[in-house]
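One structure is given here, and the rest of the page talks about it.
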Amino acid sequence: MRVGIGYDVHRLSSGKPLVLGGIPIPHSSGLCGWSDADVLIHAVMDALLGAAALGDIGQHFPPGDPQYKGISSLRLLNNVSQLLKKAGYSIGNIDVTVVAEQPKLSPYIDGMREALADALDCTPNQIGIKATTSEGLGFIGKEEGLAALAIAAIEKT
């Protein structure tokens with residue numbers, strides 16, 4: 001078994017759509033980034049790539065590359081899944097924590113787990129997603145951005 005950790009953070013901006021775990025979330029602000037800026041999926045991709053020693057998402061999907069402008073992170077996650085399979089790995093489990101003051105994410109977690117499982121060709125029970133706040137502290141507490149931390153376990157097939 002191999003284990004990897006991923007972390008991502010993006011700034012919030014009013015008038016942009018908020019996408020987390022591949023799911024659109026109703027909110028007055030969305031995340032800024034080259035792709036859809038889905039911090040949850042970006043953290044998962046880095047955890048999976050790190051576990052397999054395959055680099056990081058910036059190496060595979062460089063910001064500034066026109067083919068990734070506005071792309072759904074679910075598509076990128078599916079590409080990471082294919083890289084893992086090609087390298088001979090399967091997913092054991094993934095655990096993610098999203099740090100956000102608002103919006104409350106609990107109503108969307110099951111949908112996120114299903115979206116990730118579909119992109120990764122695994123089952124939702126292999127994916128844990130939790131949400132917490134920063135208790136009003138720092139840039140997240142001031143609702144200037146969101147962050148996500150992920151850990152992934154993979155196995156040689």
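Computed from a prediction, not measured in an experiment: that's the story for all the values here.
Between the D8 side chain and the H42 main chain, no donor and acceptor come within less than 3.5 Å of each other. Not one N or O on the side chain of H10 forms a donor-acceptor pair closer than 3.5 Å with the backbone of V39. A donor-acceptor contact shorter than 3.5 Å links the side chain of T157 to the backbone of G88. The backbone N or O of I57 sits less than 3.5 Å from a side-chain atom of D46, completing a donor-acceptor pair. The closest donor-acceptor contact from the side chain of R113 to the backbone of P124 lies under 3.5 Å. Listed for the R2 side chain is no donor-acceptor partner under 3.5 Å among the backbone atoms of I154. A donor-acceptor pair under 3.5 Å links the side-chain atoms of W34 to the main chain of D65, judged by distance alone.
Residues M1 and K156 are not in side-chain contact: their nearest non-hydrogen atoms beyond the backbone lie 4.5 Å or more apart. Two residues are said to be in side-chain contact when any heavy atoms from C-beta on lie closer than 4.5 Å; L146 and L12 meet this criterion. The closest side-chain heavy-atom distance from L84 to L48 is below 4.5 Å. Looking at heavy atoms from C-beta onward, M112 lies in side-chain contact with L20 at the 4.5 angstrom threshold. Put simply, the side chain of E155 does not reach to within 4.5 Å of the side chain of Y89, judged on heavy atoms. In this structure, the side chains of L83 and H60 come closer than 4.5 Å at one or more pairs of heavy atoms. A 4.5 Å side-chain heavy-atom check between K104 and T133 finds at least one atom pair inside the cut-off. A 4.5 Å side-chain heavy-atom check between I5 and L149 finds at least one atom pair inside the cut-off.
Shown here for A117 and T123, the closest heavy-atom pair between the two residues is CB-C, 3.6 Å. Closest of all the heavy-atom pairs between G6 and A47 is N-CB, 3.6 Å. The two atoms that bring I91 and Q126 nearest to each other are O-NE2, 2.9 Å, heavy atoms only. Contact record, E101 with E135: OE2-N, 3.2 Å, taken as the closest heavy-atom pair. Nearest approach of Y7 to A147, heavy atoms of both residues: OH-CB, 3.8 Å. Among all heavy-atom pairs drawn from A37 and L31, the shortest one is O-CD1, 3.2 Å.
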Step by step, work out the side-chain contact (heavy atoms from CB on, under 4.5 Å) result for C32 and S13.
CA-CA 6 Å; C32 299; S13 178; 3.2 Å; yes
Full working for side chain to side chain donor-acceptor pair (under 3.5 Å) between D36 and S73:
CA-CA 6 Å; D36 61 9; S73 292; 2.5 Å; yes
Tell me, with the steps shown, if L120 and I94 meet side-chain contact (heavy atoms from CB on, under 4.5 Å).
CA-CA 11 Å; L120 292 168; I94 296 167; 3.5 Å; yes
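Rounding to the nearest 0.5 Å places CD of E144 at 8.5 Å from CZ of R11. Between atom CD1 of residue I127 and atom CG of residue L116 there is a gap of 5.0 Å, rounded to the nearest 0.5 Å. In this structure, OG in S35 is found 12.5 Å from CD in Q67, a value given to the nearest 0.5 Å. To the nearest 0.5 angstrom, K130 atom NZ is 9.0 Å from I109 atom CD1. Note that the CG atom of D121 and the OG atom of S90 stand 10.5 Å from one another [nearest 0.5 Å]. From Q102, atom CD reaches atom CD1 of I140 across 13.0 Å, with rounding to the nearest 0.5 Å.
If you chain together hydrophobic residues whose side chains sit under 4.5 Å apart, V19 and V80 never meet in one group. In this structure, V99 is not a member of the same hydrophobic cluster as I25, with clusters built from ILVMFWY side-chain heavy atoms closer than 4.5 Å. With hydrophobic clusters built from ILVMFWY side chains whose heavy atoms lie under 4.5 angstrom apart, V44 shares a cluster with I23. Hydrophobic cluster membership differs between V9 and L77, with clusters built from Ile, Leu, Val, Met, Phe, Trp and Tyr side chains linked at under 4.5 angstrom. Hydrophobic cluster membership differs between I151 and L40, with clusters built from Ile, Leu, Val, Met, Phe, Trp and Tyr side chains linked at under 4.5 angstrom.
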